[in-house]
**Student:** 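First the structure, then my questions, so here it is.
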Amino acid sequence: MKSALSSKSTKIIVDVCMIVFLVLSFVRWEGDPTFHFVVGAGCTLFFAAHVFIHRKWIKAVTKSCMAGKLNKSLKWKYVIDMLLLVMWGIAIATGFLAIGSYVGGIDWMFVFSRIHGITSRIGLVLIVIHVIQHWPQIKSYFPRKKVA
């Protein structure tokens with residue numbers, strides 16, 4: 001029996017919410033950064049849920065990769081996914097560090113903010129590559145209309 005977390009509808013909802021929050025996080029709001037902070041926190045939660053839902057795949061592919069059993073196509077998907085995980089991990093961490101620096105008035109906010117911006121943009125490029133690589137799986141979530 002499948003769990004609710006592994007259902008197609010749950011995966012679609014999490015991914016759509018993650019994309020919406022991600023797009024909103026790139027909107028520039030001059031002045032008060034509260035909107036970006038809140039949207040970034042939401043994006044972080046959906047990113048964590050996405051990784052959690054796919055944890056079995058990540059574990060299985062990591063094990064196969066370490067054993068040298070992956071074909072070239074799957075190896076590239078894995079490399080992009082791991083780079084994506086690292087970039088977004090850094091972006092999330094530096095985002096929260098920048099928030100703490102902003103609230104606490106620490107001079108490190110500029111440094112954390114720059115790292116956050118760079119890794120976010122690299123992560124965005126990797127997301128586009130990730131979606132392209134996984135397009136057949138993404139398309140399989142949506143039923144095709146049969147032409148009579």
Side-chain angles (χ1 to χ4, degrees), residues 1-29 33-104 106-144:
M1 187 166 125
K2 282 186 150 185
S3 74
L5 284 175
S6 64
S7 74
K8 282 185 181 182
S9 58
T10 301
K11 289 178 182 180
I12 291 169
I13 290 167
V14 167
D15 289 352
V16 167
C17 289
M18 184 172 55
I19 289 167
V20 168
F21 275 81
L22 183 66
V23 168
L24 288 174
S25 75
F26 278 91
V27 173
R28 288 243 186 244
W29 293 89
T34 304
F35 178 81
H36 182 75
F37 297 161
V38 170
V39 169
C43 190
T44 299
L45 291 173
F46 286 112
F47 173 75
H50 177 85
V51 170
F52 182 78
I53 288 169
H54 293 89
R55 71 191 180 285
K56 290 179 183 176
W57 182 88
I58 295 168
K59 184 178 177 181
V61 175
T62 299
K63 191 181 277 189
S64 294
C65 186
M66 296 303 163
K69 297 179 181 178
L70 291 183
N71 64 37
K72 198 173 188 176
S73 172
L74 197 53
K75 194 177 290 188
W76 276 111
K77 283 181 183 178
Y78 180 75
V79 167
I80 294 299
D81 288 354
M82 290 303 107
L83 284 172
L84 188 53
L85 194 62
V86 168
M87 283 300 126
W88 280 108
I90 293 169
I92 290 165
T94 55
F96 282 111
L97 288 169
I99 291 168
S101 300
Y102 178 79
V103 172
I106 301 172
D107 293 333
W108 281 92
M109 182 191 171
F110 178 78
V111 174
F112 293 135
S113 183
R114 287 289 174 210
I115 295 169
H116 176 73
I118 291 166
T119 55
S120 296
R121 285 165 182 80
I122 293 169
L124 186 60
V125 170
L126 291 170
I127 285 173
V128 170
I129 295 168
H130 174 82
V131 168
I132 291 167
Q133 287 180 325
H134 292 277
W135 191 246
Q137 291 87 2
I138 294 167
K139 281 187 353 186
S140 75
Y141 290 163
F142 304 97
R144 289 186 171 182

**Student:** Once side-chain contact (heavy atoms from CB on, under 4.5 Å) is applied, do any residues pair with Arg121, and if so which ones, sequence neighbours excluded?
**Tutor:** Phe26, Arg28
**Student:** Of all heavy-atom pairs between Ala91 and Thr94, which one has the smallest distance, and what is that distance?
**Tutor:** O-OG1, 3.3 Å
**Student:** Which residues pass the side-chain contact (heavy atoms from CB on, under 4.5 Å) test with Ile19, sequence neighbours left out?
**Tutor:** Val23
**Student:** If you round to the nearest 0.5 Å, how far is CG of Leu97 from CD1 of Ile92?
**Tutor:** 12.0 Å
**Student:** List the atom of Thr119, the atom of Met87, and the distance in Å for their closest heavy-atom pair.
**Tutor:** CB-O, 3.7 Å
**Student:** For Lys139, give me all partners under side-chain contact (heavy atoms from CB on, under 4.5 Å), at least two apart in sequence or on another chain.
**Tutor:** Trp135, Arg144
**Student:** Tell me every residue that passes side-chain contact (heavy atoms from CB on, under 4.5 Å) with Leu83, counting only those two or more places apart in sequence or in another chain.
**Tutor:** Val79, Leu126
**Student:** To the nearest 0.5 angstrom, please state how far the OG atom of Ser120 sits from the CD1 atom of Ile127.
**Tutor:**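 Atom-to-atom, Ser120:OG and Ile127:CD1 are 9.0 Å apart.
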**Student:** What distance separates Ile12 CD1 from Ile138 CD1, expressed to the nearest 0.5 Å?
**Tutor:** 10.0 Å
**Student:** To the nearest 0.5 Å, tell me how far Ser25 OG sits from Phe37 CZ.
**Tutor:**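 That separation rounds to 12.5 Å.
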**Student:** Sequence neighbours excluded and cut-off under 3.5 Å, please list the side-chain donor-acceptor pairs for residues 38-50, or say none.
**Tutor:**
| from | atom 1 | to | atom 2 | distance (Å) |
| --- | --- | --- | --- | --- |
| Thr44 | OG1 | Gly40 | O | 2.8 |
| His50 | ND1 | Asp15 | OD1 | 2.7 |

**Student:** Test side chain to side chain contact (heavy atoms under 4.5 Å, CB included) on Ile90 and Ile118; report intermediate values, then the result.
**Tutor:** CA-CA 10 Å; Ile90 293 169; Ile118 291 166; over 6 Å; no
**Student:** Let me see the working for Ile58 and Asp81 under side chain to side chain contact (heavy atoms under 4.5 Å, CB included), right down to the final yes or no.
**Tutor:** CA-CA 9 Å; Ile58 295 168; Asp81 288 354; over 6 Å; no
**Student:** Go through it in stages, so that I can follow the logic: the residues are Val20 and Leu24, the test is side chain to side chain contact (heavy atoms under 4.5 Å, CB included), and I'd like the CA-CA distance, side-chain angles, deciding distance and then a yes or no.
**Tutor:** CA-CA 6 Å; Val20 168; Leu24 288 174; 4.0 Å; yes
**Student:** Please table the atom pairs, donor to acceptor, closer than 3.5 Å between any side-chain atom in residues 65-78 and protein atoms at least two apart or in another chain.
**Tutor:**
| from | atom 1 | to | atom 2 | distance (Å) |
| --- | --- | --- | --- | --- |
| Asn71 | OD1 | Ser73 | N | 3.2 |
| Asn71 | OD1 | Leu74 | N | 2.7 |
| Tyr78 | OH | Thr62 | OG1 | 2.9 |

**Student:** Closest approach of Val51 and Leu85, non-hydrogen atoms and distance?
**Tutor:**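 Of all heavy-atom pairs spanning Val51 and Leu85, the closest is CG2-CD1, 3.8 Å.
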**Student:** Please report the shortest heavy-atom distance between His130 and Ile80, naming the atom on each side.
**Tutor:**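 Looks like N-CG2, 4.2 Å.
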**Student:** Centroid separation under 6.0 Å, is that true for the rings of His36 and His116?
**Tutor:**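 Between His116 and His36, the centre distance is under 6.0 Å.
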